[in-house]
Amino acid sequence: MALLSFQKKLAETVDAALTQLNIPSPGIPTLQSWITIPPSVEKGNLSLPVFRFTPKGENWVLFAQKIVQQLTHTDVFEKFEAAGPYINAFISTAAFNVSIFENTQKAPALPLGDAPLVMVEYASPNTNKPLHVGHLRNIALGVSTARLFEHEGNRVFRTQIINDRGVHICKSMRAYQKWGNGKTPESEKMKSDHFVGTFYVDFTKHAEKDEKLEEEAQQMLLKWEQNDPVVRALWKKMNEWAEKGIFETYEKMGAVFDKNYYESDIYLHGKEVVQKGLEEGLFVKADNGAIMAPLEKKYKVTDKPLVRGDGTSLYVTQDLYLAMKRFEDFPQLEKIIYIVGSEQEMHFKQVFAILDLLGFPQAKKCYHLGYGLVTLPSGKMSTREGTVVNADDLIQELETMAIAEYEKRSPEMAPNEIQRRSKVISLAALKFYLVKQDAKKELVFNPQESISFEGQTGPYLLYTNARIQSILRKSLQKPSIAKSGMLIEKRERELIALLSQKNEIVSSALSHYSPHVLAHYLLELANTFNTYYHETKIIQENSEMEQARLALVQTIHLVLEEGLYLFGIETLKEM
RNA sequence: GGCCCGGUAGCUCAGUCUGGAUAGAGCACCUGCCUUCUAAGCAGGUGGCCGAGGGUUCAAAUCCCUCCCGGGUCGCCA
């Protein structure tokens, strides 16, 4: 029985008591919706405030007492207490513990073939430079969102749009033409996306002094659109480099995709969609020839240009086609989640409105999950000032930190083992740092704090989890859920109360698109466990008690594993 | 100026959707705890007009209104 069933049971019990007292009941579902978890386990497992159904003129403290007197003990509830205006219910320990452990240990059902299909779009890089810490936030949110969807019984299709064309791409290309001298990532011994990125930086630097460069990039784009073989060959070569490097970074972050959409494949089709809308009279032509979508009146968002005055397409042009294509590719799609920075909120409102304007019925199934900008303690990251925190450098730096930590703590450990564990720990630190904060808020990326392994961090959770596994390894007993009724100490009840909330927390993390809710839950669980660990011996003489406690710590271990998995964080058996 | 998001301890953040029992963590600082299941840990202490003012309510960090501060965005960037 899950927590929810106990809540229902309490609501039914109170409802019956009200009936016996001839007091009108607000109804079982309503009573149930008011039930909360008391601030401390000393006050019971469940609590019902009586404010809302105390008859007018009656003192609610007395009213609560009156109801409690009417409540009879059942095999489920061993005690009721009136505490001020609250009715506190104590669930029979054995029944509660056993059912919570069983319920918590139950593995989530794998989504069936006919489960709802959800598309999650995330990452979406440009192929002119390597990923930065902002992309990492996007990836961490994407991985978590996708896994949460799966956990809650959906099939998930992971995708990205690779922005592989446009004037910014031509800038790196032009720079390579001018100063590349036939160099390659291999010849320079550089990660290939970083290699491409150096040319983008070169371009930006030179363009500050040489205005002609911008023009050259524009001309190059024109040639690219005209399929100029020389430009296309260079484009292909450099994009391969960029993409190869970017995918290496994805791999470290656990980002995988079922399908990649390329801007270069679809940008032309966007114009067809717009043209059709124009012919149908849905769009209008501006004086300079630009095609506009009128949205102000019907959708309360500002009008949007769809095609430039010179007939070239915009980002929105392809976004329209891409959405349609995705529903065409996967007609059974229930939902598309676009994980994109919240600075594009207006853009997506407009895109979804235009889709609706075009009579596209799936417009309502599109959702923009915006996340806040990643900034530095010193302010915004800037390419010009060279303050952009590069993803690979960051990952490398974290790993180096972890290695240094191991060399200090365990100098006798084999270097390859240090290497292996450090990789896992540093990635856990990074990923958890990126998801523990509310996605919609700006994230101040503090390098010192992100590499810290203490406190509210991924390594703290890994450490706690490893500690538990060590207990499970060293014990000669087997966990016994059947004996868990013996767990009556305060910390044990606190831990079980936390475990009882796990399912609700996970589904709430998904329904609010707030992975951080789960992150904070895991921290609280780990913290409470560590307190328990210091107070209580788990391996001891009384084998029955040991078996009961093993069931508790094993359940905590499973919840930590499950939670970390949902963040794409790998765990360690030993730390 | 319009719209969106923020403002909670010195710093970084939970809690706000769904009002309810003394407002919570982490970092930093101070004090303790490793011959006993992993000290990347634990316990204790210092630290708060929950941006301001009004309103609703038995009850407001939470709901409503006004204002202030910070960020984002607003027809041819992505």
Side-chain angles (χ1 to χ4, degrees), chain A residues 33-34 36 38-40 43 47 49 51-52 54 60 83-86 88 124 126 163 166-168 263 286 288-296 300-310 312-319 340-347 349-350 370 372-373 375 377 380 402 405-406 409 425 429 436-438 440-444 446 448-449 452-464 466-475 508 511-512 514 516-517 519-521 523-524 526-527 529-540 546 549 553 574-575:
Chain A
S33 72
W34 293 336
T36 60
S40 142
K43 296 183 166 70
S47 182
F51 305 106
R52 290 170 151 109
T54 305
W60 52 50
Y86 295 89
N88 292 334
S124 303
N126 293 308
N163 302 297
V167 73
H168 54 299
E263 186 183 349
N288 68 351
I291 301 175
M292 303 291 298
L295 304 171
E296 191 82 56
K300 305 227 173 2
V301 290
T302 47
D303 297 352
K304 182 90 169 173
L306 301 172
V307 170
R308 287 195 191 90
D310 66 6
T312 57
S313 71
L314 293 155
Y315 195 69
V316 63
T317 323
Q318 61 149 347
D319 259 357
V340 185
S342 53
E343 67 274 12
Q344 293 194 41
E345 191 178 305
M346 179 60 75
H347 169 80
K349 271 190 185 151
Q350 291 169 323
L373 214 62
T375 62
K380 268 177 105 162
E405 198 67 29
Y406 263 122
R409 286 168 196 271
I425 290 170
K436 79 170 175 197
Q437 187 172 327
D438 191 345
K440 70 167 181 270
K441 286 197 175 185
E442 254 184 33
L443 178 69
V444 180
N446 185 329
Q448 293 312 96
E449 200 185 294
S452 157
F453 300 146
E454 289 165 22
Q456 301 176 327
T457 64
Y460 174 71
L461 295 175
L462 290 192
Y463 177 73
T464 307
R467 236 183 185 180
I468 297 176
Q469 291 175 89
S470 165
I471 298 170
L472 293 169
R473 267 195 309 273
K474 290 194 174 159
S475 170
S508 158
S511 62
H512 295 100
S514 298
H516 75 280
V517 171
H520 284 272
Y521 169 79
L523 287 171
E524 195 185 347
N527 181 237
F529 166 77
N530 281 320
T531 304
Y532 177 61
Y533 176 89
H534 281 272
E535 289 174 357
T536 314
K537 215 60 185 115
I538 289 151
I539 298 175
Q540 28 113 54
E546 181 171 333
R549 286 181 174 160
V553 299
E574 290 175 273
M575 239 174 104

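Residue numbers start from 1 in every chain, and the chains themselves are labelled A, B, ... in the order their sequence lines are given, proteins ahead of strands.
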Exercise. In dot-bracket, 5' to 3', how would RNA chain B read with Watson-Crick or G-U wobble pairs under 3.5 Å, [ ] for crossing ones and | for pairs to another strand?
Worked result: ((((((((.[[[[.)....(...]]]].(((((.......))))).....[[[[[..)....]]]]])))))))....
Exercise. Do you know which two heavy atoms are closest between A/Pro85 and A/Phe51, and how far apart they sit?
Worked result: CG-CZ, 3.5 Å
Exercise. So A/Met575 and A/Tyr406, side chain to side chain contact (heavy atoms under 4.5 Å, CB included) or not? Walk me through it.
Worked result: CA-CA 9 Å; A/Met575 239 174 104; A/Tyr406 263 122; 4.0 Å; yes
For this session: Answer with base, sugar-phosphate or nothing: what part of the nucleic acid does A/Glu574 contact at a heavy-atom distance below 4.0 Å?
Result: base
Exercise. Is A/Ser470 touching bases, backbone alone, or none of the nucleic acid, heavy atoms closer than 4.0 Å?
Worked result: base
Exercise. Should the pair A/His516 and A/His520 be assigned to parallel (<30°), tilted (30 to 60°) or perpendicular (>60°) ring geometry?
Worked result: perpendicular
For this session: For B/C67, decide between syn and anti, treating a glycosidic angle within 90° of 0 as syn.
Result: anti
Problem set entry | Heavy-atom donor-acceptor pair, A/Ser47 side chain to A/Asn88 backbone, under 3.5 Å | no
Exercise. With sugar-phosphate meaning primed atoms plus P, OP1 and OP2, does A/Lys300 contact a base, only sugar-phosphate, or nothing at under 4.0 Å between heavy atoms?
Worked result: nothing
Problem set entry | Between B/C27 and B/G47 - C1' atom distance, rounded Å | 13 Å
Exercise. If we take the C1' atom in both B/C68 and B/G26, what is their distance in whole Å?
Worked result: 30 Å
Exercise. Above 12 or not: heavy atoms from other molecules or residues under 6.0 Å from CD of A/Glu343?
Worked result: yes
Exercise. Looking only at atom C1', what distance separates B/G20 and B/A39, rounded to whole Å?
Worked result: 40 Å
Exercise. What pairs with A/Lys537 under salt bridge (charged side-chain N to carboxylate O under 4.0 Å, His left out), at least two apart in sequence or on another chain?
Worked result: none
Exercise. Taking atom types as modelled, is there a side-chain donor on A/Ser470 or A/Glu574 under 3.5 Å from an acceptor on the other?
Worked result: no
For this session: Would you mind classifying the nucleic acid contact of A/Gln344 as base, sugar-phosphate or nothing, using non-hydrogen atoms under 4.0 angstrom?
Result: base
Exercise. So what does A/Arg409 touch, heavy atoms closer than 4.0 Å: a base, only the sugar-phosphate, or nothing?
Worked result: base
For this session: Could you tell me whether A/Ser40 contacts a base, only the sugar-phosphate backbone, or nothing, with contacts defined as non-hydrogen atoms closer than 4.0 Å?
Result: nothing
Exercise. Could you give the start and end, 5' to 3', of the contact zone on RNA chain B for chain A, using atoms under 4.0 Å from its heavy atoms?
Worked result: B/C4 to B/A78
Exercise. If you look at every strand shown and take non-hydrogen atoms under 4.0 Å, does A/Thr536 touch a base, only sugar-phosphate, or nothing?
Worked result: base
Exercise. Taking side chain as C-beta onward, heavy atoms only, is A/Thr536 less than 4.5 Å from A/Arg549?
Worked result: yes
Exercise. Checking A/Ser342 side chain against A/Glu345 main chain: does a donor-acceptor pair fall under 3.5 Å?
Worked result: no
For this session: For A/Asp438 and A/Lys441, indicate whether the former's side chain and the latter's backbone hold a donor-acceptor pair under 3.5 Å.
Result: no
Exercise. NA contact type, A/Gly84, heavy-atom cut-off 4.0 Å: base, sugar-phosphate, or nothing?
Worked result: nothing
For this session: Would you indicate what A/Arg52 reaches in the nucleic acid, counting non-hydrogen atoms under 4.0 angstrom: base, sugar-phosphate, or nothing?
Result: base
Exercise. In terms of base orientation, is B/G75 syn or anti, with the syn window spanning 90° either side of 0?
Worked result: syn
For this session: Remember a base hit wins even if backbone is also touched, and classify A/Lys537 as base, sugar-phosphate or nothing at under 4.0 Å, heavy atoms.
Result: base
Problem set entry | Distance, C1' atom - from B/C34 to B/A40, rounded to whole angstrom | 14 Å
Problem set entry | Separation between the P atoms of B/C69 and B/A23, rounded to whole Å | 31 Å
Exercise. Closest nucleotide of RNA chain B for A/His520 versus for A/Lys380: which of these residues is on the 5' side?
Worked result: A/His520
For this session: Take atom C1' in B/C49 and the same atom in B/C3, then report the distance between them in whole Å.
Result: 31 Å
Exercise. Contact class for A/Asn530 (heavy atom, under 4.0 Å): base, sugar-phosphate, or nothing?
Worked result: sugar-phosphate
Exercise. Just checking A/Ile539: base, sugar-phosphate only, or nothing, at a heavy-atom cut-off of under 4.0 Å?
Worked result: base
For this session: Identify whether any heavy atom of A/His516 sits under 4.0 Å from a base atom; if not, whether one sits that close to sugar-phosphate; answer base, sugar-phosphate or nothing.
Result: sugar-phosphate
For this session: Answer with base, sugar-phosphate or nothing: what part of the nucleic acid does A/Ile425 contact at a heavy-atom distance below 4.0 Å?
Result: base
Exercise. Roughly how far apart, to the nearest Å, are B/G48 and B/C5 at atom C1'?
Worked result: 24 Å
Problem set entry | Separation between the C1' atoms of B/U8 and B/U62, rounded to whole Å | 12 Å
For this session: Report the residue (A/Ile538 or A/Val316) whose heavy-atom-nearest nucleotide on RNA chain B is the more 5′ of the two.
Result: A/Ile538
Exercise. Parallel, tilted or perpendicular: which fits the ring planes of A/Tyr315 and A/His347, with parallel below 30° and perpendicular above 60°?
Worked result: tilted
